[in-house]
Colleague: 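What follows is a single structure, and I will ask about it in a moment.
Protein chains get the first letters and strands the later ones, always in sequence-line order, with residue 1 at the start of each.
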Amino acid sequence: MALRLFESLSRELRELKPSQPDGVFRFYNCGPTVYAPAHIGNFRTFVVNDVIRRLLELEYGAAKVKHVRNLTDVDDRTIGQAKKEGRPLGEITKHWTALFHEDCAALNCLRPTAEPTATGYIKEQVNMIEVLMEKGHAYRAADGSVYFKLDSFPGYGGLSRIKERELKVTVFAADADHKDSVSDFALWKAYKPEEDGSVKWSGPGGVGEGRPGWHIECSAMSKSILGDTIDLHTGGVDLLFPHHENEIAQSQCCNGTTFAHHWYHSEHLLVNGTTMSKSKGNYYTLRDLLAKGYSAMAVRYALLSGHPRKQLNFTLDGMHAAESALKTLRSFRAALGSQGGDATVFDPVFAALHDDLNTPGALGALFTLVNRGPAGLDAAAFDRVLFALGLKLDVAEAPKADIPAAVAALAEKRWAAKQAKDFAAADALRKEIAAAGWTMLDRKDGYSLEPAKKP
RNA sequence: GGCGCGGUAGCCAAGUGGUAAGGCCGAGGUCUGCAAAACCUCUAUGCGCCGGUUCAAUUCCGGCCCGCGCCUCCA
């Protein structure tokens, strides 16, 4: 079943398939900048990309999918954060990288097959800049920075249709500094001691010390690991311009060939009807939601509950809905056991996923099956669906917080009262436990305590 | 100003030229000392508004209203 995905350059649905004879699918996904916690808006993109990865693996086999997701560990923001905290850059980026990995694992995202860092590929970036300079696509400015010469690439703007736009020139006219043209973007930023501290590398030939500009890293890492031409390049819509536009310019001018056959962009996650972003400070992190008693799997589910190419407004109601839906899937999966059966009934679920990654449609199709009951359904096929969506049902629903001794004591008393059939006392104790923020769940042979959901 | 996306039940959200998937919430029921869980049943004559095309439009076309994003920090 072919996987069709919207393609941002041609603006049409196109089939995803390896373009090279080795049958390897080359997939580059722009990763996070590690200077602060990634918020769930960031994770929407990574979760969506994880589903793409999973579908590709099901289609071509895990060994045939090369999935690269970079870490931006040197740029204005990472350097700024290091300076603000008075700590070495590497310490900051290491810290946030570790937390990013934790969150990815909690959200059940497969590890990329390679996860290069910008600082690990300085030489490759410098090499590309040198080639661009030799070919006349880049120039050294008076201050020692190197800029890409936009005029030299006639194809510029194809992705973002920048040429069709009337630019608000006033915004960046002041930023012209040393550039030939205001639209030229930096490939190499000259070292500025007061801003960069100890962060510097030796630059391209004939250029002084400094650090790479933001855009060149992805071009260089993609080229080094996947080659000059890749099959799929993805990221959030906000990267479409200028980041991806610039990547195309750099890579194609340097390599003289098509950079990516397929571009795909996932839409923003909104909160209260507006974009979730670090600069606005209006974001949730995974940690925030775990602290409220929600499970990471429910976060993943919530992120998949809207079409990836449509803005999705994130709400706690949505989290609640996700948690409940997962509960249904969990108990359904348990009812399935290891029975064999009809696997083809799940075709509509995959059909939805293969049709431009329609995750809400797939979830709808899944529940349509669930509502018919487990009779005759193939458990392994059900698990394949869950694998594709990356939903793990066997994980603990919520982190088991430590139960305060006082609450535990109340629970013991209530259980005793119940055994003694003193139901009035038992009910009163249930209320006390609830007031303490806990919910007591009775079973035939005992009970358990769970933290009550916080609003 | 330019470019783009969207407006479907209380909330979220698919979808189709032929009469509205699914999730949540809610209601009723089975079960249960209570609560929870589990399971069953019900819940949009309607798809922003106004026109047009059509045998038939939520689905196509035009206009309008509203919301959001992007236009060099951004997943």
Colleague: To the nearest Å, how far apart are Phe241(A) CZ and rG2(B) C1'?
Modeller: 13 Å
Colleague: May I ask you to verify whether the side chain of Arg430(A) and the base of rA35(B) hold a donor-acceptor pair under 3.5 Å?
Modeller: yes
Colleague: Quick check on rU72(B): is either OP1 or OP2 less than 4.0 Å from any side-chain nitrogen or oxygen of His243(A)?
Modeller: no
Colleague: For the pair Glu115(A) and Arg111(A), find out whether any cationic side-chain nitrogen is under 4.0 Å from an anionic carboxylate oxygen.
Modeller: yes
Colleague: Which value, in whole Å, describes the distance between the C1' atoms of nucleotides rU41(B) and rC34(B)?
Modeller: 24 Å
Colleague: Determine the interplanar angle of the Phe185(A) and Phe148(A) rings, folded into 0 to 90°, and report it as parallel if under 30°, tilted if 30 to 60°, perpendicular if over 60°.
Modeller: parallel
Colleague: Please determine whether a side-chain nitrogen or oxygen atom of Ser183(A) lies at a distance below 4.0 Å from atom OP1 or OP2 of rU72(B).
Modeller: no
Colleague: Using a strict threshold of under 4.0 Å (side-chain N to carboxylate O), is an ion pair present between Lys392(A) and Asp383(A)?
Modeller: no
Colleague: Rounding to an integer number of angstrom, what distance separates rA21(B) and rA13(B) when you compare their C1' atoms?
Modeller: 10 Å
Colleague: Mind checking Thr328(A) for me? I need base, sugar-phosphate or nothing, with any heavy atom below 4.0 Å counting as a touch.
Modeller: sugar-phosphate
Colleague: Suppose you measure atom C1' in rA38(B) against the same atom in rG4(B); what distance do you get, rounded to whole Å?
Modeller: 47 Å
Colleague: Would you say Ser160(A) places a side-chain N or O within less than 4.0 Å of OP1 or OP2 belonging to rC3(B)?
Modeller: no
Colleague: Any side-chain N or O of Arg161(A) under 4.0 Å from OP1/OP2 of rG4(B)?
Modeller: yes
Colleague: Hey, does the Lys NZ or Arg CZ of Arg11(A) hover above the aromatic six-ring of Phe6(A), less than 6.0 Å from the centre and inside 45° of the axis?
Modeller: no
Colleague: When the C1' atoms of rG48(B) and rU54(B) are considered, how many whole Å apart are they?
Modeller: 23 Å
Colleague: Using the aromatic ring of Phe423(A) (for Trp, its six-membered ring), decide whether it stacks on the base of rG33(B) within the limits of 5.5 Å and 30°.
Modeller: yes
Colleague: Which nucleotide, if any, forms a Watson-Crick or G-U wobble pair with rG62(B), using both distances under 3.5 Å?
Modeller: rC50(B)
Colleague: Protein within reach of the bases, or only the backbone? For nucleotides 7-14 of chain B, mark each nucleotide 5' to 3' as B, S or -, using heavy atoms under 4.0 Å.
Modeller: S-----SS
Colleague: For Arg287(A), look at atom CZ and say whether over 12 heavy atoms of other residues, nucleotides or ligands are found less than 6.0 Å away.
Modeller: no
Colleague: For the residue pair Arg69(A) and Phe46(A), would you count it as a cation-pi contact if the rule is NZ or CZ under 6.0 angstrom from the ring centre and within 45 degrees of the ring axis?
Modeller: yes
Colleague: Salt-bridge test for Glu194(A) and Lys192(A): reply yes if a basic N is under 4.0 Å from a carboxylate O, no otherwise.
Modeller: no
Colleague: For a quick test of reading the model: is some side-chain N or O of Thr275(A) closer than 4.0 Å to OP1 or OP2 of rG69(B)?
Modeller: yes
Colleague: Look at Thr439(A) and rA35(B) and indicate whether a side-chain polar atom (N or O) is within less than 4.0 Å of OP1 or OP2.
Modeller: no
Colleague: Using only side-chain N and O atoms of Asn29(A), determine if any of them is under 4.0 Å from OP1 or OP2 of rA75(B).
Modeller: no
Colleague: Report yes if a side-chain nitrogen or oxygen of Arg372(A) is closer than 4.0 Å to either non-bridging phosphate oxygen (OP1 or OP2) of rG22(B); otherwise report no.
Modeller: no
Colleague: Select base, sugar-phosphate, or nothing to describe what Lys421(A) touches, counting heavy atoms under 4.0 Å on all strands.
Modeller: nothing
Colleague: Rounded to the nearest angstrom, tell me the gap between atom CD in Glu217(A) and atom C1' in rC73(B).
Modeller: 14 Å
Colleague: Mind checking the C1' distance from rG62(B) to rU53(B)? Whole angstroms is fine.
Modeller: 11 Å
Colleague: Can you tell me how far C1' in rC47(B) sits from the matching atom in rA14(B), rounded to whole Å?
Modeller: 12 Å
Colleague: Testing Tyr264(A), Tyr28(A), Phe27(A) one by one against His233(A) for a ring pair (Phe, Tyr, Trp, His ring centres under 6.0 Å), which residue passes?
Modeller: Tyr28(A)
Colleague: Is it the case that rG33(B) (base atoms only) and Arg414(A) (side chain only) share a donor and an acceptor within less than 3.5 Å, ignoring hydrogens and angles?
Modeller: yes
Colleague: Name the nucleic acid region contacted by Asp76(A), choosing base, sugar-phosphate or nothing; use a 4.0 angstrom heavy-atom cut-off, strictly under.
Modeller: nothing
Colleague: Contact class for Gly364(A) (heavy atom, under 4.0 Å): base, sugar-phosphate, or nothing?
Modeller: base
Colleague: Taking for each residue the nucleotide of RNA chain B bearing the nearest heavy atom, is the 5' side occupied by Phe332(A) or by Ala424(A)?
Modeller: Ala424(A)
Colleague: Under 6.0 Å from the ring centre and within 45 degrees of the ring axis: does the NZ or CZ of Arg384(A) meet both conditions for the six-membered ring of Phe346(A)?
Modeller: no
Colleague: Considering only the C1' atoms, how many Å lie between rC25(B) and rU58(B), rounded to the nearest integer?
Modeller: 25 Å
